[in-house]
Amino acid sequence: MFTLSAFADEIDPDPQRQIDVLKSCGVRHIELRSILKTNVLDLTDLQIGEFKSLLKKHGFRLSAIGSPIGKVKIDEPFEPHLKRFQRAIELAKVFETGNIRIFSYYLPEHGEWDNWRRDVLDRMFDKARLAEKAGVRLVHENEHRIYGDDPARVKDLMETVLEQVDNRYFGAVYDPANYVFCGFDPWQAWQMTKQWTVHFHIKDWVRGEDHGRLAGEGHGRIAEVMADAVARKYDGFATLEPHLLGGGPTGGVTGPELFPKAVAAFKSILDRVGAKYNFTPG
């Protein structure tokens with residue numbers, strides 16, 4: 001069973017506009033990355049309270065806190081970043097979501113991953129243990145330029161961290177477009193990481209372009225991956241992050257006109273591969 005969600009800030013900064021468009025698409029979950037052009041971890045308690053009330057009024061829930069945790073250089077001080085991570089845990093509790101999206105750090109200038117692997121793993125261990133204590137799950141996205149942009153290093157992260165942390169509290173996000181963008185075969189990446197995949201981000205990509213494509217129109221091999229996920233009895237979220245008008249380190253843009261087309265394209269793939277999914281007509 002796939003539960004559809006969305007990075008709704010790709011639609012519009014205004015949360016009411018986000019909800020209006022998603023309701024028309026039959027989507028009732030949001031992966032909260034930002035509202036009002038403000039990152040989720042920088043929202044005030046008042047903004048958080050107002051947004052939570054808006055979600056409740058319209059029957060929406062969160063699929064995850066779409067935090068930027070881990071999107072800093074690995075040699076930057078850890079304590080300030082850990083404090084922001086604690087805020088992500090607090091917000092997961094406030095919104096009653098079990099997932100926090102994270103990343104695995106950028107290299108310092110002229111650095112090599114062989115020299116920083118241990119530091120990455122130590123920080124991931126520390127966060128995963130805190131997540132385990134709090135009863136929330138960290139879901140690691142294969143973002144470009146971080147340690148885990150390579151499926152072999154995603155495998156390393158999963159195998160190593162899960163030696164000491166229960167798999168209920170740490171897992172992988174599979175984003176096919178990110179693998180394409182980084183020059184990896186998304187099908188091979190899926191084969192290498194699928195046993196740990198607990199969450200999908202859905203965008204497609206054509207190598208060499210600077211914006212996303214509708215699911216099925218790029219090199220992401222999304223239909224094949226979804227068919228295999230169905231065979232594996234996947235049960236979790238698939239979050240639309242189309243980037244149809246472009247994307248970057250802090251998010252992407254699709255707009256209110258194109259976002260429904262992105263949802264429809266992905267639903268078409270799910271129908272074709274015989275997937276069951278949650279859909280509430282608008």
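Note that the coordinates shown come from a computational prediction; the quantities given were computed from them, not determined experimentally.
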- Task: Using the salt bridge (Lys or Arg N to Asp or Glu O under 4.0 Å) rule, collect all pairs that involve residues 37-57, keeping only residues at least two apart or in two chains.
- Result: Asp42-Arg84, Asp45-Arg87
- Message: Please give the remaining members of the hydrophobic cluster of Leu245, linking ILVMFWY side chains under 4.5 Å, ordered by chain and number.
- Response: Leu214, Leu244, Val253, Leu258
- Between atom CZ of Arg129 and atom NZ of Lys127, what is the distance when rounded to the nearest 0.5 Å? 11.5 Å
- Could you give all pairs that pass the side-chain hydrogen bond (donor to acceptor under 3.5 Å, both in side chains) test and reach residues 131-142, with sequence neighbours left out? Asn99-Arg137, Arg101-Glu141, Ser104-His140, Glu141-Asn178, Glu141-His201
- Message: Working to the nearest 0.5 angstrom, can you tell me the gap between Phe259 CZ and Leu240 CG?
- Response: 5.0 Å
- Task: Identify the two heavy atoms, one from Ile202 and one from Ala238, that lie closest to each other, and give their separation to 0.1 Å.
- Result: CG1-CB, 4.1 Å
- Message: For a quick test of reading the model, state the closest non-hydrogen atom pair linking Tyr174 to Pro186 and the distance between them.
- Response: OH-O, 2.6 Å
- Heavy-atom closest pair, residues Val161 and Ala128: CG1-CB, 4.0 Å
- Message: Minimum heavy-atom separation for Pro256 and Val21, please, with both atom names.
- Response: CB-CG2, 3.9 Å
- Query: Going only through I, L, V, M, F, W and Y residues with side-chain contacts under 4.5 Å, is there a path from Val139 to Leu32?
  - Reply: no
- Task: Indicate, with yes or no, if Leu55 and Val94 share a hydrophobic cluster defined by side-chain heavy-atom contacts under 4.5 Å among Ile, Leu, Val, Met, Phe, Trp and Tyr.
- Result: yes
- Item | Phe2 with Ile30, same ILVMFWY side-chain cluster at under 4.5 Å | yes
- Would you say Met124 and Val165 make side-chain contact, with heavy atoms under 4.5 Å? no
- Mark yes or no for whether Ser53, through its side chain, and Gly49, through its backbone, hold a donor-acceptor pair below 3.5 Å. yes
- Go through Thr239 and His199 one step at a time and tell me if the side-chain contact (heavy atoms from CB on, under 4.5 Å) criterion holds. CA-CA 8 Å; Thr239 300; His199 205 83; 3.7 Å; yes
- Item | side chain to side chain contact (heavy atoms under 4.5 Å, CB included) partners for Phe184, two or more places apart | Asp150, Pro151, Tyr179, Cys182
- Note on the structure: Under a side-chain separation threshold of 4.5 Å, the hydrophobic residues clustered together with Ile146 are Phe103, Tyr106
- Heavy-atom distance under 4.5 Å between the side chains of Pro68 and Leu41, does that happen here? yes
- Message: Under 4.0 Å between a side-chain nitrogen and a carboxylate oxygen: does that hold for Asp122 and Arg118?
- Response: yes
- Without swapping roles, check the side chain of Arg123 against the backbone of Ile74 for a donor-acceptor pair under 3.5 Å. yes
- For His58, which residues count as a ring-ring contact (aromatic ring centres under 6.0 Å, His included) partner, sequence neighbours excluded? none
- Item | Audit row: Asp114, Arg117, salt bridge (Lys or Arg N to Asp or Glu O under 4.0 Å) steps and yes/no | CA-CA 6 Å; Asp114 285 348; Arg117 173 182 178 271; over 6 Å; no
- Would a 4.5 Å heavy-atom cut-off, applied to side chains only, mark Thr97 and Leu91 as touching? no
- Mind checking whether Arg28 and Leu22 have side chains closer than 4.5 Å, heavy atoms only? no
- With sequence neighbours left out, write down each residue that passes ring-ring contact (aromatic ring centres under 6.0 Å, His included) with Tyr147, or none if nothing qualifies. Trp113
- Message: Can a donor-acceptor pair be found, under 3.5 Å and without considering hydrogens, that links the side chain of Gln18 to the backbone of Ile11?
- Response: no
- Message: I'd like to check Thr254 versus Lys261 (side-chain heavy atoms, cut-off strictly below 4.5 Å). Are they in contact?
- Response: no
- Query: Under a 4.5 Å cut-off applied to non-hydrogen side-chain atoms, are Pro176 and Trp205 in contact?
  - Reply: no
- Message: Under 3.5 Å, is there a donor on one side chain and an acceptor on the other for Asp228 and Tyr234?
- Response: no
- Does Ser67 use its side chain to pair, donor to acceptor, with the backbone of Ile65 at less than 3.5 Å? no
- Check whether any side-chain heavy atom of Tyr105 lies under 4.5 Å from a side-chain heavy atom of His81, and answer yes or no. yes
- Task: Using modelled atom types only, decide if a donor and an acceptor are shared between the side chain of Lys194 and the backbone of Val225 within a distance under 3.5 Å.
- Result: no
- Can you list every pair that meets salt bridge (Lys or Arg N to Asp or Glu O under 4.0 Å) and has a residue in residues 71-81, with sequence neighbours left out? Lys71-Glu143
- Item | Lys203 and Glu10: CA distance, side-chain angles, deciding distance, side-chain contact (heavy atoms from CB on, under 4.5 Å) verdict | CA-CA 12 Å; Lys203 61 178 177 284; Glu10 291 213 6; 6.0 Å; no
- State plainly whether one hydrophobic cluster holds both Met1 and Val230, where clusters connect Ile, Leu, Val, Met, Phe, Trp and Tyr through side-chain heavy atoms under 4.5 angstrom apart. no
- Rounded to the nearest 0.5 Å, how far apart are CE of Met192 and CZ of Arg153? 10.5 Å
- Task: May I have all residue pairs that pass ring pair (Phe, Tyr, Trp, His ring centres under 6.0 Å) and include part of residues 152-171, sequence neighbours excluded?
- Result: none
- CD1 of Ile222 to CD1 of Ile269, rounded to nearest 0.5 Å, is 5.5 Å
- Query: Under a 4.5 Å cut-off applied to non-hydrogen side-chain atoms, are Gln86 and Ile89 in contact?
  - Reply: yes
- Message: Nearest 0.5 Å, please: how far is CG in Leu157 from CH2 in Trp196?
- Response: 10.5 Å
- Here the ring pair (Phe, Tyr, Trp, His ring centres under 6.0 Å) pairs for residues 117-136, sequence neighbours left out, are none
- Please lay out, stage by stage, how Leu43 and Phe51 fare under the test side-chain contact (heavy atoms from CB on, under 4.5 Å). CA-CA 10 Å; Leu43 294 169; Phe51 185 60; 5.9 Å; no
- Message: Working note: Arg207 + Val180, criterion side-chain contact (heavy atoms from CB on, under 4.5 Å); need CA distance, chi angles, decisive distance, verdict.
- Response: CA-CA 6 Å; Arg207 295 178 186 88; Val180 172; 3.5 Å; yes
- Message: With rounding to the nearest 0.5 angstrom, report the CG to CG distance, Asp9 to Asp14.
- Response: 12.0 Å
- Mind listing the closest non-hydrogen atom pair of Glu224 and Arg221 along with its distance? OE1-NH2, 2.8 Å
- Under the 4.5 Å side-chain heavy-atom rule for ILVMFWY, direct or indirect, which residues accompany Val206? none
- Message: Under 4.5 Å between side-chain heavy atoms, counting indirect links through other Ile/Leu/Val/Met/Phe/Trp/Tyr residues: same cluster for Ile19 and Leu36 or not?
- Response: yes
- Looking only at heavy atoms, which two atoms of Phe200 and Ala229 are closest? And how far apart? CZ-CB, 4.0 Å
- Message: Once ring pair (Phe, Tyr, Trp, His ring centres under 6.0 Å) is applied, what residue pairs with a partner in residues 16-39 remain, sequence neighbours excluded?
- Response: His29-Phe237
